[in-house]
Amino acid sequence: MKTIIYTTFYPSILKYFDDFIFSINAQSFKDFKLFICLNGCRLSKKKLDKIKVEFELFHVNDTWQKARIRAIKKILKKKFKYLYFADGD
């Protein structure tokens with residue numbers, strides 16, 4: 001697997017989670033990992049069960065800038081060839 005898709009969810013956009021995951025699950029290209037940065041929020045088991053692709057959660061509680069930097073640093077250590085950004089909302 002060479003591709004990772006990065007997104008961030010925080011409390012005020014959690015309402016878009018189901019639509020976002022529906023879109024991710026509907027992708028015809030499936031050879032990617034979804035990296036979800038949860039900034040100041042959690043996902044229920046019910047929400048997690050909706051994700052049908054390989055994924056990783058990264059929990060932080062920081063400013064959006066610092067959360068993104070920390071998440072990107074973690075992703076870069078994994079040596080993926082392609083990194084895509086996807087807005088959760």
Side-chain angles (χ1 to χ4, degrees):
M1 187 172 304
K2 299 186 282 185
T3 303
I4 192 160
I5 297 175
Y6 166 81
T7 192
T8 298
F9 277 91
Y10 45 91
S12 65
I13 69 162
L14 276 176
K15 61 188 172 191
Y16 301 110
F17 181 81
D18 290 349
D19 290 336
F20 177 81
I21 292 303
F22 178 81
S23 176
I24 289 292
N25 289 339
Q27 297 301 305
S28 57
F29 178 79
K30 300 281 188 191
D31 191 26
F32 65 88
K33 184 174 193 173
L34 177 62
F35 187 96
I36 304 171
C37 178
L38 295 170
N39 191 4
C41 59
R42 299 269 179 203
L43 293 174
S44 67
K45 179 167 177 8
K46 183 178 176 182
K47 294 280 190 197
L48 292 174
D49 287 345
K50 293 180 180 188
I51 306 170
K52 303 301 181 199
V53 298
E54 184 178 342
F55 70 95
E56 181 177 341
L57 300 178
F58 181 63
H59 295 275
V60 295
N61 193 10
D62 217 330
T63 65
W64 70 267
Q65 298 96 333
K66 289 180 182 177
R68 180 173 281 211
I69 289 168
R70 288 177 57 196
I72 292 170
K73 284 181 178 179
K74 185 171 178 81
I75 290 168
L76 290 175
K77 289 179 184 176
K78 298 177 183 295
K79 306 290 185 194
F80 284 91
K81 186 171 182 179
Y82 304 105
L83 166 61
Y84 293 95
F85 293 84
D87 288 341
D89 57 352

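All residue numbers refer to positions in the sequence shown, counting from 1. These numbers were taken from a predicted model, which means no experiment stands behind them.
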- Query: So if you build clusters from Ile, Leu, Val, Met, Phe, Trp, Tyr with side-chain heavy-atom gaps below 4.5 Å, do L38 and V60 land together?
  - Reply: no
- Are F17 and F9 close enough that their ring centres sit under 6.0 Å apart? yes
- Item | Heavy-atom check, side chain of C37 versus side chain of T7, under 4.5 Å | no
- Query: Can we say E54 and K30 salt-bridge, meaning some charged N sits less than 4.0 Å from an Asp/Glu carboxylate O?
  - Reply: no
- Query: Are Y10 and I69 grouped together when hydrophobic residues (ILVMFWY) are joined by side-chain heavy atoms under 4.5 angstrom apart?
  - Reply: no
- Can you tell me how far NZ of K77 sits from CZ of F80, rounded to the nearest 0.5 angstrom? 14.5 Å
- Item | Distance, nearest 0.5 Å, that separates CG of D89 from CG of D19 | 11.0 Å
- Message: Under 4.5 Å between side-chain heavy atoms, counting indirect links through other Ile/Leu/Val/Met/Phe/Trp/Tyr residues: same cluster for L34 and I72 or not?
- Response: no
- Query: Is the NZ atom of K47 crowded by more than 12 outside heavy atoms at less than 6.0 Å?
  - Reply: yes
- Message: Test side chain to side chain contact (heavy atoms under 4.5 Å, CB included) on R68 and F85; report intermediate values, then the result.
- Response: CA-CA 11 Å; R68 180 173 281 211; F85 293 84; 4.3 Å; yes
- Query: So, does K46 use its side chain to make a donor-acceptor pair with the main chain of L43 at under 3.5 Å?
  - Reply: no
- Closest approach of A67 and N39, non-hydrogen atoms and distance? CB-ND2, 3.4 Å
- Message: I need the I5 CD1 to K33 NZ distance, nearest 0.5 Å.
- Response: 12.5 Å
- Message: Starting from F29, can I reach F20 by hopping between I/L/V/M/F/W/Y residues whose side chains sit under 4.5 Å apart?
- Response: yes
- To the nearest 0.5 Å, what is the distance between CD1 (I21) and CD1 (I36)? 4.5 Å
- Heavy-atom closest pair (I75 atom, Y6 atom, distance to 0.1 Å) is CD1-CD1, 3.6 Å
- Output the distance between atom CG (L57) and atom CZ (R42), rounded to the nearest 0.5 Å. 9.0 Å
- Message: Taking the side chain as everything from C-beta on, heavy atoms only, tell me whether I24 gets closer than 4.5 Å to V53.
- Response: yes
- Heavy-atom count around Y82 OH within 6.0 Å, excluding the residue itself: above 12? no
- Mind running side chain to side chain contact (heavy atoms under 4.5 Å, CB included) on L48 and F55 for me, showing each step along the way? CA-CA 10 Å; L48 292 174; F55 70 95; 4.0 Å; yes
- Euclidean distance, K2 NZ relative to F32 CZ, rounded to 0.5 Å: 15.5 Å
- Measure the shortest side-chain to side-chain distance between I4 and Y84 over non-hydrogen atoms and say whether it is less than 4.5 angstrom. no
- Message: Just so I know, are the side chains of F35 and F58 near enough to count as touching, which here means a heavy-atom distance under 4.5 Å?
- Response: yes
- Residues N25 and K50: closest non-hydrogen pair is ND2-O, 2.7 Å
- Task: Report the C-alpha distance between T8 and W64 in whole Å, list the side-chain angles of each, state the deciding distance to 0.1 Å, and finish with yes or no for side chain to side chain contact (heavy atoms under 4.5 Å, CB included).
- Result: CA-CA 9 Å; T8 298; W64 70 267; over 6 Å; no
